[in-house]
Participant: 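Before we start, here is the structure in question, set down as structure tokens.
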Amino acid sequence: MSDPHEQWLARWREGRIGFHLAEPHPRLIGYWAGLGLAQGTRILVPLCGKTPDMRWLAAQGHEVIGVELASEALEAFVAEGDLPVEYTREGDFERWKQGRITLHGGDFFRFRPAMAGELSGFYDRAALIALPPPTRQRYALHLAQLMPPGSAGLLIALTHAGGPAQGPPYAVDEHEVRRLFEANFRCEWLRSDEDVERGMCEHLWRLVRRGPGQAGT
Ligand SMILES: C[S@@+](CC[C@H](N)C(=O)[O-])C[C@H]1O[C@@H](n2cnc3c(N)ncnc32)[C@H](O)[C@@H]1O
């Protein structure tokens, strides 16, 4: 079974979702306000799974746009919410809308700017680091296509204590974050946190989308 999409769908079917956290991520709670994004602005959560981070963002007054391959994850997410759900299909994508949260079920790389609407921010936890090396370059470019100049986001990357290891999660160090994103985003490292038990270190970044003519150095 080498199809990466099928591998993720199988994980969801079989409940192998150790990456899922029941509570909003502490770094999201601690650092989101620092981006200065107003209430009502629209935030993209790529490869969202069923993370409660989306409900936390909606509770801050944002419109939230999640994109996820596994419908199972998105069905589980809306089932945990209290508000009524509107379900539609559009081309390759299924769509669930619940309050301020709209979930697009399908391949992130087929998700187009017109489907997202005017985005102001993004939040990536366990999205970039879920992808193998060649796909990460594609991801960084696709994110840049979706995010307009001046928009900003948080990225949580990760390294393994013992050096590179097979993923997911894949190790993505500072050098790689800058190599992938610097051309289109100003990258600012915010902090690193070691998780001794898991032998990993999480790195928090703020990324700001550059405008035309502001290419990275
Ligand atoms: C490690 S999980 C992280 C989920 C979520 N961000 C979280 O913090 O719980 C990565 C997710 O990406 C989804 N995924 C993988 N490839 C994808 C793609 N091409 N398009 C959309 N979702 C994808 C998987 O199904 C999985 O739910």
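The basis for the numbers below is simple: all heavy atoms, side chains too, and nothing from hydrogens, waters or symmetry mates. Atoms within each ligand, like the ligands themselves, are counted from 1 in listed order. Everything numeric here is computed off the predicted structure, so don't read it as measured data.
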Participant: Report the nearest protein non-hydrogen atom to atom 19 (N) of ligand 1: residue, atom name, distance rounded to 0.1 Å.
Facilitator: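 Nearest protein contact, heavy atoms only, for atom 19 (N) of ligand 1 is Asp107 OD1, 2.9 Å.
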Participant: For atom 11 (C) of ligand 1, what's the nearest protein heavy atom and its distance?
Facilitator: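 Closest protein heavy atom to atom 11 (C) of ligand 1: Glu68 OE1, 3.6 Å.
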Participant: Which option, Trp8, Phe109, Tyr139, owns the non-hydrogen atom nearest atom 15 (C) of ligand 1?
Facilitator: Trp8
Participant: Closest non-hydrogen protein atom to atom 22 (N) of ligand 1, residue and atom name please, with distance?
Facilitator: Leu69 N, 3.1 Å
Participant: Can you give me the closest heavy-atom contact between Arg136 and Leu128, atom names plus distance?
Facilitator: CD-O, 3.5 Å
Participant: Could you identify the single nearest non-hydrogen protein atom to atom 1 (C) of ligand 1 and state the distance to 0.1 Å?
Facilitator: Ala126 O, 3.3 Å
Participant: Under 4.0 Å from any heavy atom of Trp12, which atoms of ligand 1 are there?
Facilitator: 25 (O), 26 (C), 27 (O)
Participant: Does a salt bridge link Arg95 with Glu90, judged by any charged N lying under 4.0 Å from a carboxylate O?
Facilitator: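 Between Glu90 and Arg95 there is a salt bridge, with a charged N closer than 4.0 Å to a carboxylate O.
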Participant: Please report which non-hydrogen protein atom sits nearest to atom 23 (C) of ligand 1, along with the residue it belongs to and the distance in Å to one decimal place.
Facilitator: Leu47 CG, 3.5 Å
Participant: Any nitrogen or oxygen of Asp53 lying under 3.5 Å from a nitrogen or oxygen in ligand 1? Just yes or no.
Facilitator: no
Participant: Is there side-chain contact between Arg206 and Tyr31, with heavy atoms separated by less than 4.5 Å?
Facilitator: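 Arg206 vs Tyr31: side chains apart.
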Participant: Do Phe111 and Gln145 come close enough that some side-chain heavy atom pair is under 4.5 Å?
Facilitator: no
Participant: With the side chain counted from C-beta on, respond yes when Trp56 and Glu23 share a heavy-atom pair under 4.5 Å apart, and no when they do not.
Facilitator: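 A side-chain contact under 4.5 Å is absent here.
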Participant: Distance under 4.0 Å to a non-hydrogen atom of His5: what atoms of ligand 1 satisfy this?
Facilitator: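 Near His5, meaning under 4.0 Å from one of its heavy atoms, ligand 1 has 19 (N).
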Participant: Distance to the ring centre below 6.0 angstrom and angle to the axis at most 45 degrees; does that hold for Arg125 and Phe19?
Facilitator: no
Participant: Heavy-atom count around Arg110 CZ within 6.0 Å, excluding the residue itself: above 12?
Facilitator: no
Participant: State plainly whether one hydrophobic cluster holds both Trp32 and Leu190, where clusters connect Ile, Leu, Val, Met, Phe, Trp and Tyr through side-chain heavy atoms under 4.5 angstrom apart.
Facilitator: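 Linked within one cluster.
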Participant: Checking contacts here: is it the side chain or the backbone of Pro168 that comes within 4.0 Å of ligand 1, counting heavy atoms only? Could be both or neither.
Facilitator: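 Neither; nothing of Pro168 gets under 4.0 Å from ligand 1.
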Participant: Is the shortest distance from a Lys or Arg side-chain nitrogen in Glu202 or Arg27 to a carboxylate oxygen in the other one below 4.0 Å?
Facilitator: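 Salt bridge between Glu202 and Arg27, a charged N being under 4.0 Å from a carboxylate O: no.
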Participant: Which atoms from ligand 1 have a heavy atom of Gly106 less than 4.0 Å away?
Facilitator: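 Here the atoms of ligand 1 in question are 20 (N), 21 (C).
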Participant: Return yes or no for this condition: an N or O of Arg125 is under 3.5 Å from an N or O of ligand 1.
Facilitator: yes
Participant: How far is atom 20 (N) of ligand 1 from the closest protein heavy atom, and which atom is that?
Facilitator: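 Result: Phe108 N, 2.8 Å.
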